[in-house]
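Computed from heavy atoms alone, side chains included, the values below leave out hydrogens, waters and symmetry copies. In each ligand, atom 1 is the first atom listed, and ligand 1 is the first ligand listed. For this chain, numbers begin at 1 and follow the sequence in order.
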Amino acid sequence: MKVLTVFASGGGSNFKAIHHSIVSGEIHGEIALLVSNNPNCGAVKYADEAGITHTIINQSRYPEKKYRDDTMLEILLGIEPDLIILAGYMKKIPDKVVNRFNKMIVNIHPALLPKFGGKGYYGMNVHQAVMNAGEEKSGATVHFVNEEYDKGSILAQEEVIIEPQDTAKSLAEKVLKIEHELYPQVIKAYCEDRIIWKNNQPKIEEVIEN
Ligand code: GRF
């Protein structure tokens with residue numbers, strides 16, 4: 001059983017999807033903690049309802065950045081998570097946390113990285129940029145987190161086709177739907193030790209059915 005920590009700032013639909021997969025027995029893990037910067041977000045509300053421990057780390061609680069970052073690291077070291085899952089977390093993870101948990105932090109991005117990633121590409125901006133570029137497809141990417149926004153090694157991607165009638169809003173809905181399938185699948189694989197690193201690139205080992 002792997003120990004998981006989730007970071008979320010928003011609606012928390014990915015957090016919920018992951019938690020549902022744990023409750024149904026698909027993912028062999030437990031969410032030890034939800035970390036958020038936003039005490040009023042959907043993710044925190046869901047954690048309350050589901051009885052998941054949560055903590056708020058933000059500027060109003062910890063005004064000094066160094067102390068805030070150190071507190072985050074301390075909390076995580078206390079939990080000893082096997083995996084840190086960013087699920088719509090809107091803040092940058094401090095370098096000291098990224099370095100300490102190397103290859104142990106994953107994020108989901110609502111586009112096909114390396115396109116449409118990096119600073120400023122979040123929320124509807126991503127989908128609007130994809131539409132403006134006239135792309136024929138978009139999708140979701142799960143990647144490991146390094147010190148740069150959306151630049152860590154790509155672990156899994158799932159595509160969606162953009163139809164002529166699509167808008168940024170309808171595209172966002174389509175992508176979010178596939179995120180709810182892709183992210184739990186990847187976390188399931190991680191919890192089953194099926195992430196293999198070769199030449200510094202991660203790959204998911206598929207289960208061979210007999
Ligand atoms: C998702 O689109 C995810 O790709 C991005 O933030 C959004 C989070 O949505 N990183 P939710 O809070 O999980 O509903």
Atom 9 (O) of ligand 1: nearest protein contact (heavy atom, Å): N14 ND2, 3.8 Å
Distance filter under 4.0 Å to E179 heavy atoms, resulting ligand 1 atoms: 1 (C), 2 (O), 3 (C), 4 (O)
Evaluation steps, side-chain hydrogen bond (donor to acceptor under 3.5 Å, both in side chains), between S9 and N38: CA-CA 6 Å; S9 309; N38 179 0; over 6 Å; no
Min side-chain heavy-atom separation V44-P39 under 4.5 Å: no
Atom indices of ligand 1, in the order listed, that fall short of 4.0 Å to a heavy atom of I108: 3 (C), 4 (O), 5 (C), 10 (N)
Whether A8 lies under 4.0 Å from ligand 1, heavy atom: no
Among A43, G88, A87, P110, closest by any non-hydrogen atom to atom 6 (O) of ligand 1: G88
Tell me which donor-acceptor pairs under 3.5 Å the side chains of residues 71-89 have, and how far apart each pair is, sequence neighbours excluded?
from, atom 1, to, atom 2, distance (Å)
T71, OG1, Y67, O, 2.6
D82, OD2, V3, N, 2.6

More than 12 heavy atoms of other groups within 6.0 Å of Y62 OH: yes
Nitrogen or oxygen atoms of G10 and ligand 1 under 3.5 Å apart: no
Over 12 non-hydrogen atoms of neighbours within 6.0 angstrom of NZ in K151: no
W197 six-ring centre to K103 NZ/CZ under 6.0 Å and within 45° of normal: yes
Numbering as shown, the atoms of ligand 1 that approach G11 to under 4.0 Å (heavy-atom distance): 12 (O)
Protein heavy atom at shortest distance from atom 14 (O) of ligand 1: S13 OG, 2.5 Å
Nearest protein heavy atom with distance in Å, relative to atom 12 (O) of ligand 1: G12 N, 2.8 Å
Derivation and outcome, salt bridge (Lys or Arg N to Asp or Glu O under 4.0 Å), residues E30 and K2: CA-CA 6 Å; E30 54 166 331; K2 302 286 190 203; over 6 Å; no
